[in-house]
Amino acid sequence: IQLPSSEPSGDGGQQNSPTINHPEYAKYIYELRSLILSKKTYPEYSLRLREHGKIKVVVTIDSSGTIKTVDLAETCPFQRLNNAALALVK
């Protein structure tokens, strides 16, 4: 899971990824990332079938911290894994 950092990356970054140099923002992103990673599970059936892939999830969060949208920016060939990635954030 990659979330925008609180510091500019210097590589131009993604156009839609905010880079806000503010301690509260950095703390919020760290806590959000930790929460998401703590709930990450791999679908049992996908494990058995040895399915794997890379999925990028784009999350839009409003100024109050509420998740507004969750979309897949990059999918893998296995819909079960794509669905699990979406469900993890929602």
Side-chain angles (χ1 to χ4, degrees):
I1 295 176
Q2 292 179 323
L3 297 172
S5 68
S6 61
E7 298 294 327
S9 63
D11 63 359
Q14 295 178 349
Q15 286 183 344
N16 295 328
S17 294
T19 51
I20 301 170
N21 190 9
H22 193 282
E24 288 180 24
Y25 175 78
K27 181 181 177 191
Y28 175 77
I29 292 300
Y30 174 80
E31 290 174 356
L32 179 61
R33 184 177 191 278
S34 296
L35 177 65
I36 291 169
L37 289 175
S38 74
K39 297 185 180 299
K40 186 169 78 170
T41 60
Y42 215 87
E44 184 67 33
Y45 198 62
S46 292
L47 281 174
R48 283 189 229 146
L49 295 176
R50 298 182 179 182
E51 296 175 340
H52 63 279
K54 182 177 180 178
I55 302 163
K56 287 188 180 182
V57 180
V58 176
V59 180
T60 304
I61 302 170
D62 69 15
S63 60
S64 70
T66 303
I67 293 176
K68 290 298 184 183
T69 63
V70 180
D71 297 303
L72 295 177
E74 200 172 297
T75 61
C76 77
F78 305 104
Q79 192 60 42
R80 186 176 11 264
L81 296 179
N82 295 328
N83 291 342
L86 285 173
L88 176 64
V89 180
K90 287 182 178 182

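We use all heavy atoms of the structure for the numbers below, so side chains are in, but hydrogens, waters and symmetry mates are not.
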*Can you list the residues that meet the side-chain contact (heavy atoms from CB on, under 4.5 Å) rule with T41, with sequence neighbours excluded?*
none
_By salt bridge (charged side-chain N to carboxylate O under 4.0 Å, His left out) - contacts of K68 (at least two apart)_ = D62
*Should L72 and K56 be marked as a side chain to side chain contact (heavy atoms under 4.5 Å, CB included) after you check the CA-CA gap, both sets of side-chain angles, and the distance that decides it?*
CA-CA 6 Å; L72 295 177; K56 287 188 180 182; over 6 Å; no
*By the rule that ILVMFWY residues connect when side-chain heavy atoms come within less than 4.5 angstrom, directly or transitively, which residues belong alongside L49?*
Y45
*From L86 CG over to D71 CG, what is the distance, rounded to the nearest 0.5 angstrom?*
8.0 Å
*Under 4.5 Å between side-chain heavy atoms, chaining through other members, with only Ile, Leu, Val, Met, Phe, Trp and Tyr counted: pull out the rest of the cluster around L35, sorted by chain and number.*
none
*Taking only residues two or more places apart in sequence, or in another chain, which ones meet T66 in a side chain to side chain donor-acceptor pair (under 3.5 Å)?*
S64
*side-chain contact (heavy atoms from CB on, under 4.5 Å) partners for I67, two or more places apart*: V59, I61, V70, V89
*By salt bridge (charged side-chain N to carboxylate O under 4.0 Å, His left out), which residues pair with E31, not counting sequence neighbours?*
K27
Pairs under 3.5 angstrom only: tabulate donor-acceptor contacts from the side chains of residues 76-85 to other protein residues two or more places apart or in another chain.
residue : atom : partner : partner atom : Å
Q79     : NE2  : N83     : OD1          : 2.9
R80     : NE   : S46     : OG           : 3.0
R80     : NE   : E51     : OE1          : 3.2
R80     : NH2  : E51     : OE1          : 3.4
R80     : NH2  : E51     : OE2          : 2.9
N82     : OD1  : C76     : N            : 3.0
N82     : ND2  : C76     : O            : 3.0
N83     : ND2  : Q79     : O            : 3.4

_Y30 OH: over 12 foreign heavy atoms closer than 6.0 Å_ = no
